[in-house]
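Keep in mind that what you see is a predicted model, and the values were worked out from it rather than measured. Whatever order the structure lists them in is the order used to number ligands and atoms, beginning at 1.
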Amino acid sequence: MFARLPYRFSRRQVVTTAFCCSAAFLCIQLLVTYRCLDPYQGADVPKAWLSRCAWTLSTRLSDWNPSCAVAVRSLVVSQPPVIYVVTPTYARPVQEAELTRLSHTFRLVPMVHWVVVEDALERSSLVASLLKRSGLPHTHLWAKTPEEQQLRPNDPSWLRPKGVLQRNAALRWLRSLAPRSDGVVYFADDDNTYDLRLFEEMRYTQRVSVWPVGLVGGLLVERPLVKNGRVVGWNAAWKPHRRFPLDMAGFAVSLQLLKKHPKAQFRMNLPRGQQESHLLSQLISGPGDLEPKANNCTQVLVWHTRTERPKLNMEPSRSRQQGGAPL
Ligand code: UGA
Ligand code: MN
């Protein structure tokens, strides 16, 4: 019925060909099925996974082979802007829990670089190993708040500004050493709660973008008021006459703008609640320059949650003071 094939294949040739075809098929499957490589990536975002992979590689390579890092980085040049998330943090019993929760959120965000700044005299191994385990591209810095400026155990939490020198250390790093000069900078405290959608809202910030923050300033929602796409006022009850009456969690700044104003930063000795206005006043001329996000500032995508200080009266006194489990 079939014409005879011009060649006779030996059994060995047939087996070898079948083996090679199967191996090639498996390789292709492995390459295109990103889940084979990263079981933690649940969402259908192979492109995002690939770009994050290339980004992580380039950050790691830059330490020992800059030209190799540049080559890998060129793979992600056409990718969306990076979000540099800046988190000040300090040693206390809940620190590891806070940072674990945060890292699990940030792992789900494509193209994020986490800049963690410890309020300490040196990097701690607790934070270093947590960052390593997170698998996120990260930078681990430290800056110690001077003793006289620190909160004492029984001081009310509002008595002194927090995270100021740490955020300034991050700004210095961002301006001089950040792997990409485009991107957006977001100051994400370690105890807040972040909706993943927030990061896509801020990603294409031109100068400064703003949105509502839940559970802050004595309100369920503190938010900019928007008319015809412009910020025209504020729904703020606490010190509403501040120039920009918003919380640190309520805005993001483009890295380009921060580079254009190389001296703009936070300041230790400011009245309570003025850090945000102080920074923004150095970058833009007024609320009219703000870019409202989150559906014209009607959606809450971040909450100023605060973790209760745990009662550890059954613990020996040494482990009560320090972070981590007393095991
Ligand atoms: C509010 C604002 O949301 C903060 O952005 C602002 O920094 C802070 O007030 C302020 O008073 O300066 P609040 O919840 O009172 O936030 O402050 P914390 O969450 O206790 O601290 C803000 C950040 O600074 C956190 O990421 C925290 O880990 C860090 N921090 C706090 C330090 O690095 N060192 C400290 O001694 C205390
Ligand atoms: Mn807080």
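At the top of the distance list for atom 34 (N) of ligand 1, counting protein heavy atoms only, stands Asp119 OD2, 2.8 Å. Scanning the protein for heavy atoms near atom 4 (C) of ligand 1, the closest one is Asp189 OD2, 3.1 Å. For atom 32 (C) of ligand 1, the closest non-hydrogen atom on the protein side is Tyr90 CD2, 3.6 Å. At the shortest separation from atom 21 (O) of ligand 1 among protein heavy atoms lies Lys162 CB, 3.7 Å.
Not a single donor-acceptor pair under 3.5 Å links the side chain of Thr87 to the backbone N or O of Val116. At least one donor-acceptor pair closer than 3.5 Å links the side chain of Arg223 to the backbone N or O of Cys297. Of the possible polar contacts, none joining the Asn296 side chain to the Val226 backbone as a donor-acceptor pair under 3.5 Å is found. Looking only at distances, a side-chain donor or acceptor of Arg152 sits under 3.5 Å from a matching main-chain atom of Gln150. When atom types are taken as modelled, the side chain of Arg243 and the backbone of Pro287 share no donor-acceptor pair closer than 3.5 angstrom.
Considering both main-chain and side-chain atoms, Asp190 comes within under 3.5 Å of ligand 1 through a nitrogen or oxygen pair. Remark: ligand 1 and Pro88 share an N or O pair separated by less than 3.5 Å (distance only, no angle test). Checking only distances, Thr145 never comes within under 3.5 Å of ligand 1, N or O to N or O.
Atoms of ligand 1 lying under 4.0 Å from any heavy atom of Gly163, numbered from 1 in the order shown and given with element: 24 (O). Less than 4.0 angstrom separates some heavy atom of Arg306 from each of these atoms of ligand 1: 13 (P), 14 (O), 15 (O). For ligand 1, the atoms sitting less than 4.0 Å from at least one non-hydrogen atom of Met248 are 5 (O), numbered in the order shown with element in parentheses. For ligand 1, the atoms lying closer than 4.0 Å to a non-hydrogen atom of Asp247 are 2 (C), 3 (O).
None of Thr193, Asp189, Asn192 except one satisfies the side-chain hydrogen bond (donor to acceptor under 3.5 Å, both in side chains) rule with Thr305; the exception is Thr193.
Screening residues 115-154 for ring pair (Phe, Tyr, Trp, His ring centres under 6.0 Å), with sequence neighbours left out, gives no hits.
Contact of the Arg267 side chain with the Val164 side chain is not registered, since no non-hydrogen atoms from C-beta on lie closer than 4.5 Å. With contacts defined as side-chain heavy-atom distances shorter than 4.5 Å, the pair Arg306/Leu215 does not qualify.
Ligand 1 is never approached by Thr87 to a heavy-atom distance shorter than 4.0 Å. Using a 4.0 Å heavy-atom cutoff, Asp191 is listed among the residues neighbouring ligand 1. Proximity of Arg167 to ligand 1 is established by a heavy-atom distance of less than 4.0 Å. Using a 4.0 Å heavy-atom cutoff, His304 is listed among the residues neighbouring ligand 1.
A search for side chain to side chain donor-acceptor pair (under 3.5 Å) contacts involving Ser124 returns Glu118, not counting sequence neighbours. With sequence neighbours excluded, no residue satisfies side chain to side chain donor-acceptor pair (under 3.5 Å) with Asp247.
Neither the backbone nor the side chain of Glu98 has a heavy atom within less than 4.0 Å of ligand 1.
Salt-bridge annotation for Arg92 and Asp191: absent, with no side-chain N of the basic residue lying under 4.0 Å from a carboxylate O of the acidic one. In this structure, Glu200 does not pair ionically with Arg197, as no charged nitrogen and carboxylate oxygen lie closer than 4.0 Å.
Tyr186 and Tyr194 have perpendicular rings, their planes meeting at more than 60° on a 0 to 90° scale where under 30° would count as parallel.
Around the Mn ion (ligand 2), the protein contributes the following N, O or S atoms under 2.8 Å, ordered by chain and number: Asp191 OD1, Asp191 OD2.
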